[in-house]
Amino acid sequence: MSTDVEVAIVGAGPYGLSVATHLRARGVGFRIFGQPMSFWLQMPESINLKSFAFATNVYVPQRGFTFPEYCRARGLEDEEPCSMASFAEYGLWVQRTLVPEAEPVNVSALEARENAFELTLEGGERVRARRVVMAVGLGHFPCVPRSVAHLPPELGSHSSEHTEFSRFAGKEVAVIGAGASAVEAAALVLEAGGKPLLLVRADELVFHTRMGLDRPLLERLRNPNSVLGPGRKSWVLEKFPMLLHHVPEARRVRFTRGYLGPAGPWWLRDRFFGKVDFRLRADVTSAEARGDKVLLAVRENGAPERQIEVDHVISGTGFEPDVDRLSFVHPALRGRIRRTERAPALSRTFESSVEGLYFVGMVACFSFGPLFRFVAGARYASPTVARDIARRRRRFT
């Protein structure tokens, strides 16, 4: 049985829910698929957001639905640090209130048909949609270094896979990375009774400092606050989100990769320094599984390689957009999507080279810049996509 709908939204996280509310406001029919806020719900309870509360919303046309307002009404922290658990509950509250028709079922296949798309749901239902908005989030794109990517799941994992760390009690665990995910994973291994070793390729381990709420006027002018943190460049990226879209591709990608590099948040300092062992300028060149152990070859400070034996390796190395990771998308359809790096190359309205197929979220960052690596990018992306779809719908009608 095939059902017709104007728009199918794949993903029910902050971006997908935001797009749904803006489509509804423009009178465009849609169905939205996916477990609401699933990526955020699977995070450990003790993990905090890396961004300010005002920068982490489900962006909807209605007033009164921001994350800070939700927190204040419930006596929760409304600036930083806010827990991922509270943000996940906030997202579910928005979904229940504004997008109650969200269907908690995953899309198992997506194919292009003449003038439309066909989606197959996990239960077997087929849905025919004129347009599709891909809001798949981070879960499809964990980035694992090649040197350890071949390890079996019991010996190697990505930091996003862990909801709790008790399995590492009494274990020696190597954590690769220098950002918040790696630092927090190392601290959680320690607090679970394990022995972590953080391996950092960079020359230093960077931690952000806490930004005072009552900064002097001159400081606020020099470093205005933004959804990306304080700084004039970040402020420009927030206020002019289309700016980088017009920059030549090579420069845009290079800037997106390099801006706002790995850093730990200020509230992890006391849980990390003096407690977690770490190595700087340490490059993992290879990994070998030996029974229930992993033998890592590590080069430090350009010295000859030395071997480190551990029980497990956690890669806290972020996420990398890659269309080919979307295995439910038919290979023929994936092959028609023009790329920027391995991400889709998008128009100014977030449409891919396949007419009617849109991408929002982190997967759009190489077309629009680092703002769209974060939830804050939904503030611009969602109404832009909804407006374009509504305009084309009127023209078609």
Side-chain angles (χ1 to χ4, degrees), residues 10-11 13-16 18-19 39 50-51 55 59 110 132-146 149 158 160 177-181 226-229 231 233-234 236-263 315 317-329 333-385 388:
V10 183
Y15 273 88
S18 297
V19 170
F39 178 82
K50 310 319 187 276
S51 54
Y59 292 91
L110 172 63
V132 173
V133 180
M134 300 287 280
V136 293
L138 299 174
H140 289 273
F141 309 116
C143 180
V144 177
R146 288 184 180 179
H158 189 268
S160 63
S181 295
S226 76
V227 294
L228 297 177
K233 192 175 292 185
S234 292
V236 169
L237 291 174
E238 176 190 353
K239 301 302 180 183
F240 304 96
M242 278 295 295
L243 188 63
L244 283 178
H245 186 66
H246 301 289
V247 172
E249 183 176 297
R251 290 181 59 191
R252 182 175 67 243
V253 170
R254 187 166 58 249
F255 178 79
T256 300
R257 286 194 183 281
Y259 192 65
L260 299 176
S315 298
T317 42
F319 302 86
E320 179 77 6
D322 184 350
V323 169
D324 290 326
R325 295 278 193 92
L326 301 173
S327 58
F328 66 90
V329 179
L333 178 54
R334 274 187 270 138
R336 292 171 54 193
I337 300 173
R338 190 170 68 82
R339 315 293 174 90
T340 297
E341 298 288 286
R342 294 189 296 275
L346 304 176
S347 73
R348 60 182 294 122
T349 59
F350 295 83
E351 188 178 26
S352 71
S353 54
V354 178
E355 185 178 359
L357 182 61
Y358 297 78
F359 287 84
V360 294
M362 188 272 284
V363 74
C365 68
F366 288 147
S367 289
F368 292 92
L371 174 66
F372 296 87
R373 286 163 35 196
F374 304 93
V375 172
R379 182 179 183 180
Y380 179 78
S382 301
T384 300
V385 170
D388 189 61

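Quick note: numbers below take in every heavy atom, side chains included, and nothing from hydrogens, waters or symmetry partners. We're numbering straight along the sequence, starting at 1.
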Under 3.5 Å donor-acceptor, [X] side chain and [Y] backbone:
X: S315; Y: T317; value: no
X: S352; Y: L357; value: yes
X: S226; Y: G231; value: no
X: S353; Y: R338; value: yes

Distance flag, aromatic centroids of F350 and F372, threshold under 6.0 Å: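 Yes - the distance between ring centres of F372 and F350 falls below the 6.0 Å cut-off.
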
Looking at [X] and [Y], what are the two nearest heavy atoms and their distance?
X: F359; Y: L346; answer: O-CD1, 3.6 Å
X: P262; Y: A178; answer: CB-C, 3.7 Å
X: F319; Y: S160; answer: CZ-CB, 3.9 Å
X: A381; Y: Y15; answer: CB-CE2, 4.1 Å
X: A149; Y: V144; answer: CA-CG1, 3.8 Å
X: G369; Y: L244; answer: CA-CD1, 3.7 Å

All salt bridge (Lys or Arg N to Asp or Glu O under 4.0 Å) counterparts of D324, not counting sequence neighbours: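 Expected list: R334, R339.
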
Any side-chain heavy-atom pair from [X] and [Y] closer than 4.5 angstrom?
X: V360; Y: V133; result: yes
X: S51; Y: V375; result: no
X: F368; Y: L237; result: no

Aromatic plane relationship, F328 with H140 - under 30° parallel, 30 to 60° tilted, over 60° perpendicular: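 It falls in the tilted class, 30° to 60°.
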
Rounded to the nearest 0.5 Å, what separates atom [atom1] in [X] from atom [atom2] in [Y]?
X: L243; Y: L371; atom1: CG; atom2: CG; result: 11.5 Å
X: T349; Y: Y358; atom1: OG1; atom2: OH; result: 5.0 Å
X: I337; Y: M134; atom1: CD1; atom2: CE; result: 7.0 Å
X: F374; Y: C365; atom1: CZ; atom2: SG; result: 9.5 Å

side-chain hydrogen bond (donor to acceptor under 3.5 Å, both in side chains) partners of residues 239-259, not counting sequence neighbours, each pair once: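 Residue pairs passing side-chain hydrogen bond (donor to acceptor under 3.5 Å, both in side chains), neighbours aside: S234-Y259, E249-T340, R257-E320, R257-E341.
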
Summary of side-chain hydrogen bond (donor to acceptor under 3.5 Å, both in side chains) pairs that have at least one residue in residues 364-381, sequence neighbours excluded: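 Pairs touching residues 364-381 that pass the test: none.
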
